[in-house]
Protein chains: 2
Amino acid sequence: MPHFSGMDDDRQDTQTRRPTLSQVARAAGVSEITASRALRRDGPVASDTRERVERAAIALNYVPNRLAGTLAGAASRQVGVILPSLSNIVFADVLKGLEDRLEGDGYHPILGISNYDPLREERLLRDLMSWRPAGLVIAPARKTDVTRGLLTAADLPVVEIMDVDAESADMAVGISHRGAGRAMAHYLAGRGYRRFAYLGHGIETDFRATQRLDGFRDGLSEVGVTLGDVLCLPGPSTVPLGREGLARLLAEAKTPPEAVFFSNDDMAVGGAFHCQAAGIAVPEDLALAGFNGLSIGQALPKPLTTIASQREHIGFVAATHLLDRLAGGNPPRVTNVDFRLIPGATA
Amino acid sequence: MPHFSGMDDDRQDTQTRRPTLSQVARAAGVSEITASRALRRDGPVASDTRERVERAAIALNYVPNRLAGTLAGAASRQVGVILPSLSNIVFADVLKGLEDRLEGDGYHPILGISNYDPLREERLLRDLMSWRPAGLVIAPARKTDVTRGLLTAADLPVVEIMDVDAESADMAVGISHRGAGRAMAHYLAGRGYRRFAYLGHGIETDFRATQRLDGFRDGLSEVGVTLGDVLCLPGPSTVPLGREGLARLLAEAKTPPEAVFFSNDDMAVGGAFHCQAAGIAVPEDLALAGFNGLSIGQALPKPLTTIASQREHIGFVAATHLLDRLAGGNPPRVTNVDFRLIPGATA
DNA sequence: GACCGTATTGACAGCGCTATCATAAGCTGT
DNA sequence: ACAGCTTATGATAGCGCTGTCAATACGGTC
């Protein structure tokens, strides 16, 4: 970096570099610190002085350098966000809720996608920490000790999102996936179904889906029913995977199920398409249930029986609690966002 | 911020603050600058010295402060990303491609969502610039003069993504939406259809959809056909909107269309659901065509006729060209990513 | 042995900003 | 008139790091 050492530092600055606070201050005829206070509206500054500074800033097209500001002691207004995926609309919704709330307070997310890879998650965590964010929002890929340790050592506000079943290092905002699975088991059993199957996607990567399956099993056993066939196909959940998966599940099932619980709506919509193509009457021949409450499921000729997971709301609440904490407040450590069972017409 | 002024600065640091490079250097018995070089693998450092520094860094759990590093002259490794929406899977896909490529080179996106609001876009642009990013990737909400001016004045690499029809300030990566509309017109006309309608969503916000419509019109007129009814419903595109919209379009149409071109696949899938529920045979009674090539459309009992838009690839290429430029390369100013017409079974 | 090139290390200054403390000016009450 | 306040402004000293230039040590050459 060129240093213009010794000479008048601002001689060429107007041409070469971005305008600095010092130039704004000089243009307004005040000291640097007064200009700083005026632009931040912090501390006592006479109103005509502030106006003069603001005019100078606009005239010079001044954009503050928050790297310098944060280094000098101002609170950072960046928030590290780590999500396991963006292929699934679920996390895009969460991110939308997050960004929306953060932006309202002048904060910005720095994003990292872990692809459900704990090693990548760990690297992301370190990388994002190097930007000294004000806080962290993370949807953990898995609960590993390393991640746990890093989060605890991070020494800044952390919100773990999506589920509230596991222990969290600091704050948590999400739903109980176990509870959601259980609720669906009770609902379906209450509708009279007794022979159940489960169709899921890459279980090794999505532990929240596993929790729903566990909860589903528990819920069934509470009413004296045992879960039948469980088929988990590798890879992320997609509509085509659900479609092919159901075909395979029905072909391989030892006892034909009356109802299938899918790992989520993408899979379930695929299942609905298979039934339609194969002439299987839903829900008379086979009942279908999903999870998430995606609009696509509700727009099907027969709206899907599912559970709405309030994803955007989870992001919004996570950001709200983080900002609250940063403002010195004391938000709840665990926020159990309600899920809502949507009866639909497929079960 | 407490300054420990006068006294030994590191006296309590191990307890209070994060470890700094200076502490790592002392622990390794070298100067600060040597530690810096060792950790960055920059400049000549003896291999045993480097190992000593690395061990010290690990022992202290050192995380570099990139705010300080960037301020001191190192190139920033943050990239500002501004997208108009995340409700639509399209932009989530783009973001995924971007993040994936950037992360590979140790860069991270700072995200802003404009909600198709030029004022918010402008504010985001200023806010993100204040973090002194290495570059910018933006899917402009609209092409306003203010945004144009800011981008030109930004004086850093900028990639405008999604479409290549309009002029760009620096680099552009995307597809020709006009061309895509035209291609669909020619394809449908080639299949023998002659009476066309268009069903779109909030046209005031999504100018790329408008460009597809324009191209569609042009393409039809090139084969001597005039586009019939055009219905644009307010709000973002969703499956339910497409379903309701098609019902309304057919009810209100002056002359019943043979084929409907939808603003995108979300809308078209909704249209397919309406046909199914209303007993309209597709494509015999009515042909349907969408845009984007979403997996949901391809999983329908009858795969949707549509155009694949390679969204993730656009993000990936945009990031690649940005990184190339940052590395001193000279990537193409305009990259026209191919789209691909998927024949499907609905038209 | 003086000389040179290379490898390795360090001293120093400064990036652009804000926290802290000090100062000056204006006002009140007695 | 002077203490005792509040309001407005500034001088100073860093934040933690990296670019620049200088210094040292080592091996070999003539």
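Naming convention: chains lettered A, B, ... in sequence-line order (proteins, then strands); numbering from 1 in each chain.
- Rounded to whole Å, the distance from CZ on A/R18 to P on C/dG16 is 11 Å.
- A distance-only check finds no donor-acceptor pair linking the side chain of B/R132 to the backbone of B/Q78 [under 3.5 Å].
- Taking atom CD on A/E32 and atom P on C/dT20, their separation rounds to 18 Å, with Å as the unit.
- For the pair A/Q23 CD and C/dG16 P, the computed distance is 9 Å after rounding to whole Å.
- Remark: B/S36 is in phosphate contact with D/dT18, judged by side-chain N or O atoms under 4.0 Å from OP1 or OP2.
- Between A/R123 and B/E103 there is a salt bridge, since at least one side-chain N of the basic residue sits less than 4.0 Å from a carboxylate O of the acidic one.
- Following rounding to the nearest Å, A/N65 (CG) and D/dC15 (P) show an atom-to-atom distance of 18 Å.
- With hydrogens and angles ignored, the 3.5 Å screen pairs no side-chain donor or acceptor of A/R148 with any backbone N or O of A/A169.
- Applying the 4.0 Å criterion to OP1 and OP2 of D/dA11, one finds that A/S31 has every side-chain N and O outside that range.
- Computed from coordinates, the A/L71 CG to D/dG16 P distance equals 7 Å when rounded to whole Å.
- Using a 4.5 Å heavy-atom threshold, the side chains of B/L111 and A/L95 count as touching.
- Taking atom CG of A/L21 as the reference point, atom C1' of C/dC17 lies 7 Å away to the nearest angstrom.
- Checking A/R40 against B/V45, the closest nucleotide of DNA chain C that is more toward the 5' end is the one next to B/V45.
- Side-chain atoms of B/R101 do not come within 3.5 Å of backbone N or O of B/G315 as any donor-acceptor pair.
- Computed from coordinates, the B/I33 CD1 to D/dG16 C1' distance equals 12 Å when rounded to whole Å.
- The phosphate of C/dC15 has neither OP1 nor OP2 within less than 4.0 Å of any side-chain N or O from B/T70.
- An OP1 or OP2 oxygen of C/dC17 is reached within less than 4.0 angstrom by a side-chain nitrogen or oxygen of A/Y62.
- Mapping B/R37 and B/R66 onto DNA chain D by nearest heavy atom places B/R66 closer to the 5' end of the strand.
- Along DNA chain C, the nucleotide nearest B/T34 and the nucleotide nearest A/G69 are compared for position; the residue whose nucleotide lies closer to the 5' end is B/T34.
- Put simply, CG on B/D42 is 11 Å from P on D/dT20, counting in whole angstrom units.
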